[in-house]
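Let me begin by presenting the structure, written as structure tokens, before commenting on it.
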Amino acid sequence: MTERIIPIVDQRDPLPLPAGGAFTPGAHIADTRGRALRDLRVSVTDRCNFRCTYCMPREVFGPDYAFLQRDQLLNFEEITRVVRLFKALGVEKVRLTGGEPLLRRNLEGLIGMLAPLGLDLTLTTNGSLLTKKARALKAAGLKRITVSLDSPDERVFQAMNDAEFPVSRVLEGIDAAAAAGLAPIKINMVVKRGVNDTSILPMARHFRGSGHIVRFIEFMDVGATNGWRMDEVIPSSEIVRMISAEMPLEPAAAHYTGEVAARWRYADGAGEIGVISSVTQAFCRDCTRLRLSTEGMLYTCLFASKGNDLRALLRSGASDADLQAGIARLWQARSDRYSEIRTEATAREPRIEMSYIGG
Ligand code: SAM
Ligand code: SF4
Ligand code: SF4
């Protein structure tokens, strides 16, 4: 009998309040490696209607799995307050994620509350509900969108989402998002050797010339339940070589420091692709991201084994200044660089699941 894997979701420390004087409002804050705080990822639900094998394997996230209950989630007012405080701390970009963010009831209501803050506001989705929601999301103030799609091939896609979800519905969702004006759309494909590597070229061919940007992501050892092995990772360099052999590519400059995807453009002008080499070419040096989980825990790294409890402070009547000071102190103490020190052994260490922490 195989050992049952228990996902970890609730390791936390309090978010301590500084004794005073640690943070001047409006000041730029940097962590111990000199990295500024610029991006916030906000998870709005830990639930999902897919069971992607690399993220929420069905044998772990089955019918008995205890997802968060409503009163545990940050509500829209709490999220908006926190995002406003983060803006004052230097955050410029906010990405809503999950779980599947479009499963959160009235997500467009939250977007409508966040949009006036004037941040670069975007969303990552599996696309399953986009046909229904794209126009409302745009009308509420969403600027851009990223859709995950692991293969244009029905059999391969369904084997990966493990929810019998047809590829045609995601493609329709992408079209609906483009029609609603959420373009240019980024399309994330996680590549696993022996599972969907035969879909690399078909994906590139399918979206070449569409204006959408496919980003090939190296399979990562997020969480502790996806059975990650190094030999299942296809290095981005191999992906670029493979595509370039048929559709020549040339490197393109990054849009900004800290951009996660390395950009490549088609030499004939038919658009661009991106590769996210989190395993083979770690980008911790420029990592300016902080994650806020669905229940208000803060994580300074995607591979964290513990979060810091912002919700407890929020619900204990802390002032804006106290909350900002606590966040600033957390960031100033940050030294994470997991992807730079990853080994097969570290990949087996316990850590929080990605669907909980927010992808
Ligand atoms: N449900 C939404 C979706 O799939 O787009 C948002 C959340 S999902 C956790 C965010 C992103 O993380 C997706 O693009 C997904 O493919 C990626 N992801 C999940 N598990 C991964 C893994 N083990 N390695 C690399 N990327 C992963
Ligand atoms: Fe759901 Fe996204 Fe994870 Fe797939 S990657 S199981 S769609 S949260
Ligand atoms: Fe950032 Fe952690 Fe990923 Fe490094 S491993 S890039 S510190 S989230």
Side-chain angles (χ1 to χ4, degrees), residues 1-13 41-76 78-79 95-107 110 123-129 147-150 157-166 169-170 188 190 192 195-196 217 219-229 232 291-299 301-312 347-359:
M1 204 176 85
T2 52
E3 192 189 341
R4 183 167 157 74
I5 305 168
I6 313 284
I8 306 173
V9 292
D10 61 356
Q11 296 294 316
R12 70 190 60 158
D13 279 336
R41 302 215 168 172
V42 179
S43 174
V44 293
T45 179
D46 60 335
R47 294 168 196 252
C48 189
N49 52 343
F50 284 12
R51 286 294 177 271
C52 302
T53 52
Y54 53 75
C55 178
M56 296 179 76
R58 191 170 282 284
E59 51 295 2
V60 178
F61 294 87
D64 301 335
Y65 184 79
F67 289 101
L68 296 171
Q69 295 304 307
R70 184 165 255 283
D71 63 341
Q72 294 176 285
L73 317 187
L74 291 191
N75 63 37
F76 289 176
E78 288 171 323
I79 294 175
R95 177 175 296 278
L96 303 180
T97 181
E100 172 45 43
L102 297 186
L103 288 182
R104 178 82 185 248
R105 195 175 308 149
N106 188 28
L107 188 75
L110 175 63
L123 166 82
T124 304
T125 172
N126 63 22
S128 59
L129 299 168
V147 182
S148 303
L149 176 63
D150 294 325
F157 180 60
Q158 292 202 18
M160 285 187 92
N161 70 51
D162 200 15
E164 297 179 2
F165 199 87
R169 301 246 315 265
V170 179
N188 280 356
V190 175
K192 249 182 114 172
V195 178
N196 65 340
I217 306 180
F219 172 42
M220 293 187 287
D221 48 330
V222 289
T225 61
N226 72 4
W228 183 88
R229 290 203 329 254
E232 290 175 324
R291 290 177 158 84
L292 176 65
S293 81
T294 315
E295 59 168 343
M297 305 301 136
L298 289 171
Y299 293 93
C301 181
L302 179 56
F303 297 89
S305 53
K306 238 186 205 179
N308 285 78
D309 194 346
L310 183 68
R311 186 186 63 188
R348 285 192 295 277
E349 288 167 2
R351 57 173 148 260
I352 318 278
E353 293 301 306
M354 191 180 197
S355 53
Y356 170 87
I357 218 172

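This chain uses plain numbering: 1 for the first residue, then up along the sequence.
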(message) Can you tell me how far apart OG (S43) and CD1 (I357) are? Round to the nearest 0.5 Å.
(response) 9.5 Å
(request) For residues R229 and F219, determine if any side-chain heavy atom of one lies less than 4.5 Å from a side-chain heavy atom of the other. (result) no
(request) Please report the shortest heavy-atom distance between E100 and C48, naming the atom on each side. (result) CB-SG, 3.7 Å
(message) Students often mix this up, so state it plainly: with edges at 30° and 60°, are the rings of F61 and Y65 parallel, tilted or perpendicular?
(response) tilted
(message) For a 4.5 angstrom cut-off between non-hydrogen side-chain atoms, does T294 reach R47?
(response) no
(request) Answer yes or no: is there a side-chain heavy-atom contact under 4.5 Å between L107 and L123? (result) yes
(request) Mind listing the closest non-hydrogen atom pair of Q158 and E164 along with its distance? (result) OE1-CA, 3.4 Å
(message) Would you compute the distance between atom CG of L310 and atom CG of L298 and round it to the nearest 0.5 angstrom?
(response) 4.5 Å
(request) Measure across A312 and D309 and return the closest heavy-atom pair with its distance rounded to 0.1 Å. (result) N-OD1, 2.9 Å
(request) Please tell me if the side chains of N106 and F76 come closer than 4.5 Å, counting only heavy atoms from C-beta onward. (result) yes
(request) Side-chain contact test, heavy atoms from C-beta onward, threshold under 4.5 Å: evaluate it for N161 versus N126 and give yes or no. (result) no
(message) I need the Y54 OH to N196 CG distance, nearest 0.5 Å.
(response) 8.0 Å
(message) Counting C-beta onward and ignoring hydrogens, is there a side-chain heavy-atom pair between D150 and V195 closer than 4.5 Å?
(response) no
(message) Applying the side-chain contact (heavy atoms from CB on, under 4.5 Å) criterion to S148, which one of N188, T125, V170 satisfies it?
(response) N188
(message) Closer than 3.5 angstrom, by distance alone: can the side chain of R311 be matched with the main-chain N or O of Q72 as a donor-acceptor pair?
(response) yes
(message) Could you measure the distance from the CE atom of M354 to the CE atom of M220? Nearest 0.5 Å is fine.
(response) 4.5 Å
(request) Would you check if the side chain of E295 reaches a backbone N or O of L74 as a donor-acceptor pair within less than 3.5 Å? (result) no
(message) So which atom in F67 and which in Q69 form the shortest heavy-atom distance, rounded to 0.1 Å?
(response) O-NE2, 3.4 Å
(request) Please examine the side chains of L73 and R104, heavy atoms only from C-beta on, and report whether any two atoms are closer than 4.5 Å. (result) yes
(request) Working to the nearest 0.5 Å, report the span between CD of E232 and CG of D221. (result) 11.5 Å
(message) Let me confirm one number: the CZ-OG distance from F50 to S355, rounded to the nearest 0.5 Å.
(response) 14.5 Å
(request) Kindly say whether G358 contributes a backbone atom to a donor-acceptor pair with the side chain of R291 at under 3.5 angstrom? (result) yes
(request) Report yes if some heavy atom in the side chain of Y356 is under 4.5 Å from a heavy atom in the side chain of L68; otherwise report no. (result) yes
